[in-house]
Amino acid sequence: MKVEPGRAPYEKEIENNLKSIQAEVGGGLFQPLYLGAGIVLCCNEEGKLNGMPPNRWLGNDIICGPFFLVGENSEEEFVSLTDRQMQLARDAFAQPEQFTGEEPELEPKVTIFTW
């Protein structure tokens, strides 16, 4: 399921290879985020840094740029979403969100871990 800024989610077939995944998230590095219920959100890891438009709230953060949702099998490979997962994803991301551009969550953050 593809989710683009300002649009309702829609079903899309995506080839399961790095080049296709990168193309779907606007190029560069992609970041998988595990949402639960076997659903993985794939977005551009540098969406905020690259100035991509805000798309949807995810918890206390904003995902910038296009993203897509896939399932995951027991071998941790991407697979098509089940009907139940599709409904959960539609419910979660159905409405395009409005942003003012002033949200502090739109500022890129870097977390540094030390040992």
Side-chain angles (χ1 to χ4, degrees):
M1 178 174 293
K2 181 84 182 251
V3 183
E4 297 181 272
R7 294 187 61 188
Y10 59 93
E11 291 182 41
K12 182 171 185 181
E13 294 269 337
I14 300 169
E15 288 187 43
N16 193 4
N17 61 57
L18 183 59
K19 184 177 178 181
S20 296
I21 291 169
Q22 287 175 318
E24 293 298 329
V25 299
L29 302 174
F30 83 95
Q31 176 178 11
L33 302 171
Y34 299 88
L35 303 181
I39 300 172
V40 180
L41 183 152
C42 294
C43 62
N44 189 307
E45 186 174 59
E46 298 174 329
K48 289 180 187 177
L49 290 171
N50 294 337
M52 292 181 153
N55 190 341
R56 299 292 200 281
W57 282 97
L58 184 63
N60 294 327
D61 201 4
I62 298 172
I63 302 293
C64 291
F67 63 86
F68 65 92
L69 302 148
V70 295
E72 180 182 54
N73 66 19
S74 60
E75 287 84 41
E76 298 182 357
E77 299 169 324
F78 292 159
V79 295
S80 296
L81 295 170
T82 65
D83 290 340
R84 180 177 179 281
Q85 291 170 324
M86 290 283 274
Q87 190 58 53
L88 288 170
R90 268 192 211 95
D91 291 347
F93 299 107
Q95 295 299 317
E97 308 216 29
Q98 301 295 315
F99 297 94
T100 65
E102 300 297 318
E103 291 85 358
E105 294 84 1
L106 289 173
E107 291 297 317
K109 298 177 198 160
V110 175
T111 303
I112 299 174
F113 295 95
T114 60
W115 300 90

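With hydrophobic clusters built from ILVMFWY side chains whose heavy atoms lie under 4.5 angstrom apart, Leu29 does not share a cluster with Leu58. Cluster annotation: Phe30 is not connected to Leu33 through the hydrophobic network of ILVMFWY side chains, with a link wherever side-chain heavy atoms come within less than 4.5 Å.
A donor-acceptor contact under 3.5 angstrom links the side chains of Glu15 and Asn17, judged on distance only.
Across all their heavy atoms, Gly101 and Leu106 have their closest contact at CA-CD1, 3.8 Å. The shortest heavy-atom contact between Thr82 and Gln85 is N-OE1, 2.8 Å. Scanning both residues, Ile62 and Pro54, for their nearest heavy atoms gives CG2-CB, 3.8 Å. Of all the heavy atoms in Lys48 and Glu107, the pair that sits closest is CD-O, 4.1 Å. The minimum heavy-atom distance linking Arg7 with Glu4 is given by the pair NH1-OE1, 2.9 Å. Residues Val25 and Cys42 approach most closely at CG1-O, 3.4 Å, considering heavy atoms.
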- side chain to side chain contact (heavy atoms under 4.5 Å, CB included) between Val3 and Arg56, worked out: CA-CA 9 Å; Val3 183; Arg56 299 292 200 281; 3.6 Å; yes
- Tell me, with the steps shown, if Glu24 and Lys12 meet side chain to side chain contact (heavy atoms under 4.5 Å, CB included). CA-CA 10 Å; Glu24 293 298 329; Lys12 182 171 185 181; 3.0 Å; yes
- Task: Show your reasoning for whether side chain to side chain contact (heavy atoms under 4.5 Å, CB included) applies to Asn55 and Cys64.
- Result: CA-CA 5 Å; Asn55 190 341; Cys64 291; over 6 Å; no
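Taking the six-membered ring where tryptophan is involved, the planes of Phe68 and Phe78 are perpendicular, since the angle between them exceeds 60° and thus also 30°.
A salt bridge is defined here as a Lys NZ or Arg NE, NH1 or NH2 lying under 4.0 Å from an Asp or Glu carboxylate O, and Glu13 with Lys2 fails to meet this definition.
Within a 6.0 Å sphere centred on CG of Asp83, other residues, nucleotides and ligands contribute 12 heavy atoms or fewer.
Checked against the 6.0 Å centroid threshold, Phe67 and Phe93 count as a close aromatic pair.
A side-chain contact (heavy atoms from CB on, under 4.5 Å) with Val40 is found for exactly one of Val79, Val70, Leu69, Leu35, namely Val70.
Here CE of Met1 is found 10.5 Å from CD1 of Ile14. Values are rounded to the nearest 0.5 Å.
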